[in-house]
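Worksheet: one structure, shown below.
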Amino acid sequence: MSKSGAVNALSEEEARAELARLAELLTQANAAYHRDDAPEISDADYDAAKARNAEIEARFPALKRADSPSDVVGAAPADGFSKVTHVVRMLSLGNAFDPDDITEFDARIRKYLGFGPSAPLAYTAEPKIDGLSLSLRYEKGSLVQAATRGDGSVGENVTANARTITDIPTTLTDAPDVLEVRGEVYMSHADFDALNARQLEKGGKPFANPRNAAAGSLRQLDSEITRARPLRFFAYAWGDISAPLADSQSGAINKLARLGFQTNPLTELCDGPQQMLKHYAKIEQQRASLGYDIDGVVYKVDDLGLQQRLGFRSTTPRWAIAHKFPAELAWTTLEGIDIQVGRTGALSPVARLHPVTVGGVVVSNATLHNEDYIAGRDSKGAQIRDGKDIRVGDWVQVYRAGDVIPKIADVDMSKRPVGAQPYEFPLTCPDCGSDAIREEGDAVRRCTGGLICPAQAVEKLKYFVSRAAFDIEGLGAKQVEQFYLDGWIAEPADIFALQTRYGRGMQQLKNREGWGDKSADNLFAAIEEKRNIPLKRLIFSLGIRHVGEVAAADLARHFGTWPALADAIDTARSAAACHLQADAAEARERETAQREGRRARIKPVRDAQWVGLDQAAKSAWDDLTGIDGIGAAVAAALVTTFAQEAERASIDRLVDALNIEPDAAPAQAASPVSGKTVVFTGTLEKMTRAEAKARAEALGAKVSGSVSAKTDLLVAGPGAGSKAKKAADLGVETIDEDGWLALIESA
DNA sequence: TATCCTCGAGTTCC
DNA sequence: CTCGAGGATA
């Protein structure tokens with residue numbers, strides 16, 4: 001950092017020397033930041049240097065250098081890119097790894113469409129480019145926006161950078177008014193090698209692989225740097241669009257080519273799985289000589305009408321699949337096995353590996369899942385790795401599943417060290433020493449220590465401050481862990497007592513390196529801000545088993561307020577007890593039945609579970625389990641958590657410290673169904689269940705999964721069974737799909 | 001009862 | 001990203 005002598009005291013000679021020094025420092029820092037995504041100096045130092053430079057230039061204008069860092073546009077490590085919400089979500093694809101997966105894919109589609117095994121059904125097959133997806137929006141033929149995929153819903157605006165890519169036209173003739181073109185940005189092998197050579201010449205760090213180079217180049221804040229990088233683009237899909245491009249996938253791709261986009265020359269139309277696999281083999285053969293990285297082949301149903309009928313699952317289209325090439329493999333030694341304890345007490349074994357490069361990344365850890373996985377079995381007891389177990393000291397083969405998560409694929413038995421023993425999975429928690437038990441039929445072994453286990457406590461706290469939970473600025477996983485070790489917080493409620501407990505300014509905090517008055521005040525302000533918390537975030541943050549983001553939102557929507565939820569859970573307590581007893585009775589019945597060689601008689605056992613139960617508990621239980629997506633396991637987890645004294649006290653302390661915002665049903669103009677509880681059953685022909693549910697909720701209705709006395713309306717499609725009968729018994733109004741559509745359209 | 005689908009939980013490296 | 005498991009449905 002610069003000597004911060006007063007600028008006024010500088011001689012002209014000293015000023016000139018310092019300006020030169022600052023110019024070099026800042027240029028280098030820029031390069032390190034942008035080129036390598038690896039800042040060499042901190043943001044604060046960077047800002048200070050820049051300010052000092054400006055100060056000296058203001059005092060000695062004549063000395064301002066031609067390459068003055070103050071003139072470099074967009075060079076400052078700024079706030080990043082603006083966000084873009086995709087009009088049509090950018091989905092990922094399902095994966096296939098062997099020929100069987102492809103024939104199953106075809107069979108699944110035929111079944112869904114009601115096609116026989118010999119009905120004609122064409123697919124396109126094209127190489128899957130290993131780059132990053134980009135969405136280009138054209139309005140009236142002009143490129144107006146380019147966005148990265150991001151999480152699929154929201155990406156980053158990289159328009160300025162996209163404009164520098166020669167494969168991407170900035171204007172189109174004869175295009176629909178609105179046209180969103182999607183494709184892959186990539187870097188060729190030749191360009192990648194040349195870029196890395198240049199990097200090395202300049203003394204910079206080379207990129208690990210073309211994909212990283214392309215990603216790093218597209219995400220430059222200074223688009224002039226992107227311009228200097230030789231990026232390419234293949235178009236293969238489209239999003240928001242005002243007029244169809246064609247009536248088939250292949251026709252649409254041809255249309256994109258005519259509009260001036262690069263499309264992959266290895267795209268081919270296939271008439272079924274055999275041809276698809278043949279094309280896959282052909283592409284795999286050419287893989288090394290293509291000149292760019294690909295990681296598989298993508299198959300899509302060619303007919304766009306059929307694509308529409310097939311539609312989407314939550315994150316992937318039904319009409320496409322990615323057939324991946326086998327992952328890159330590497331051999332290394334297993335140096336040890338550590339056990340991590342998660343928030344739910346799950347003991348997860350992690351492999352400590354001798355560092356090895358796999359797919360351009362150095363890997364030193366790999367997940368081992370659970371004790372069966374180490375022993376060479378999957379959850380159903382079937383053999384994996386031909387039944388070979390994993391022992392410390394083994395020579396093991398590592399790959400990255402989905403090119404991300406390191407896993408162990410194989411063990412070389414010929415190199416097993418003499419005397420290597422099978423791994424003994426711990427039966428007690430390595431952190432607190434409590435028993436670690438594995439429930440019947442469960443894959444994981446869990447620490448029973450609960451709140452007394454430090455590992456669980458810390459993980460729970462980390463979960464509590466995570467992004468989907470309280471998301472307190474300045475209080476991340478690291479800080480929370482440190483505060484826990486310091487004894488400042490033991491449970492979530494303590495976070496909200498920090499300031500009063502330790503005094504404003506919190507001397508202990510300020511004494512720590514990296515913390516000053518300002519950061520302490522900021523932290524307290526951020527904590528205060530989150531004292532107001534939406535109900536669904538609170539429910540999620542409690543970290544109850546089986547209750548994640550979706551279930552938390554469903555519960556919040558159903559009950560509206562914290563007291564309503566807590567009351568229902570408390571009231572249902574005896575019902576949950578009956579349910580759990582019935583579970584145990586069912587397990588006993590199954591066992592006896594098997595021993596006696598007869599079929600288990602489950603129904604009488606289950607029917608007996610409610611005998612002698614009070615009505616209030618039963619109806620609270622039905623209320624909970626009637627919520628779409630909430631079943632017995634989730635309800636039981638809620639009740640059990642609330643019934644445990646220590647845990648409940650901790651929750652109560654937290655709730656007392658908060659101002660919980662009720663979950664308001666979205667403000668809706670009075671629609672014919674607002675406030676009504678609706679159940680869908682049978683086959684819906686004009687919409688998917690998910691659509692029907694979303695639409696109904698948008699109109700202010702509650703959608704439930706089962707018919708009860710609280711149901712206002714049953715929408716029954718063809719094939720409705722027991723629910724329609726129950727509705728008739730209860731006198732619940734029942735209409736068909738057309739009736740429902742007419743009803744909601746009258747709104 | 002079997003099957004499909006979605007959600008939850010746990011994981012690595014940058 | 002993947003796996004296991006819960007929930008809904010045929």
Side-chain angles (χ1 to χ4, degrees), chain A residues 36-38 92-95 97 104 108 111-112 205 207-209 211-212 215-216 219 312-316 318 322 324 327 338-353 355 357-370 372-373 378-380 384 398-408 439 441-444 446 459 462-463 466 468 540 543-554 599-600 602-603 625-637 679-684 688-690 693 703-706 717-723:
Chain A
D36 314 331
D37 279 337
S92 48
L93 295 178
N95 290 324
F97 297 97
E104 272 169 32
R108 207 160 50 231
K111 187 175 163 203
Y112 197 97
K205 234 176 53 191
F207 289 104
N209 54 52
R211 194 188 174 285
N212 283 5
R219 297 190 68 261
F312 300 89
R313 302 206 316 224
S314 68
T315 58
T316 59
R318 280 196 195 82
K324 295 293 199 69
D338 285 352
I339 299 287
Q340 291 179 358
V341 183
R343 140 185 96 81
T344 60
L347 305 191
S348 314
V350 178
R352 303 299 175 199
L353 305 166
T357 302
V358 193
V361 172
V362 178
V363 167
S364 41
N365 302 305
T367 176
L368 289 171
H369 289 298
N370 53 51
D372 281 350
Y373 189 85
D378 70 7
S379 63
K380 292 172 197 103
I384 51 175
V398 182
Y399 72 104
R400 297 204 301 150
D403 278 339
V404 183
I405 311 287
K407 293 193 169 188
I408 289 179
E439 306 237 351
D442 240 2
V444 297
R446 290 175 202 281
E459 293 306 315
K462 285 185 189 167
Y463 185 83
S466 68
F540 173 80
I544 294 164
R545 265 239 270 171
H546 307 306
V547 182
E549 239 178 313
V550 175
D554 287 347
R599 271 191 61 154
I602 302 304
K603 204 164 174 305
T625 54
I627 302 170
D628 205 4
I630 307 289
V634 181
V679 175
F680 293 95
T681 187
T683 314
L684 300 177
T688 65
R689 291 197 98 71
K693 186 179 172 195
V703 176
S704 174
S706 61
S722 61
K723 283 182 194 173

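Worth knowing before you read on, the calculation uses all heavy atoms, side chains too, and leaves out hydrogens, waters and symmetry mates.
Each of B:dC13, B:dC5, C:dT2 was ranked by its minimum atom distance to the side chain of A:Ser364; first place goes to B:dC13. Of the candidates C:dT2, C:dG7, B:dA9, the closest approach to any side-chain atom of A:Arg343 belongs to B:dA9. In the set C:dT2, C:dG6, B:dG8, B:dG8 carries the atom at the smallest distance from any side-chain atom of A:Glu549. Looking at the side chain of A:Pro406, the nearest of the listed nucleotides C:dC3, C:dA5, B:dT12 is B:dT12. Taking every side-chain heavy atom of A:Tyr463 into account, B:dA9 is the closest of C:dG7, B:dA9, C:dC1. When the nucleotides C:dT2, C:dA5, B:dC14 are ranked by their closest atom to the side chain of A:Val361, B:dC14 comes out on top. In this structure, of B:dT12, C:dT2, C:dG7, it is B:dT12 that holds the atom nearest to the side chain of A:Asn365. When distances are taken from the side chain of A:Ala551 to each of C:dA5, B:dT11, B:dG8, the shortest belongs to B:dG8.
Across all strands shown, A:Val350 has heavy atoms under 4.0 Å from sugar-phosphate atoms exclusively, and none from any base. Using a 4.0 Å heavy-atom criterion, one finds that A:Asn212 contacts no nucleic acid atom at all.
When the nearest nucleotides of DNA chain B are assigned to A:His546 and A:Lys111 by heavy-atom distance, the more 5′-ward of the two goes with A:Lys111. If A:Ala346 and A:Arg108 are placed on DNA chain B by their nearest nucleotide, the residue sitting closer to the 5' end is A:Arg108.
Remark: A:Thr367 is not in phosphate contact with C:dT2, judged by side-chain N or O atoms under 4.0 Å from OP1 or OP2. Dashed line: the shortest gap from a side-chain N or O of A:Ser348 to OP1 or OP2 of B:dT11 is under 4.0 Å. Using a 4.0 Å cut-off, no side-chain N or O of A:Arg400 falls inside it from OP1 or OP2 of B:dT11.
A:His546 meets the ring-ring contact (aromatic ring centres under 6.0 Å, His included) test with no other residue; sequence neighbours excluded.
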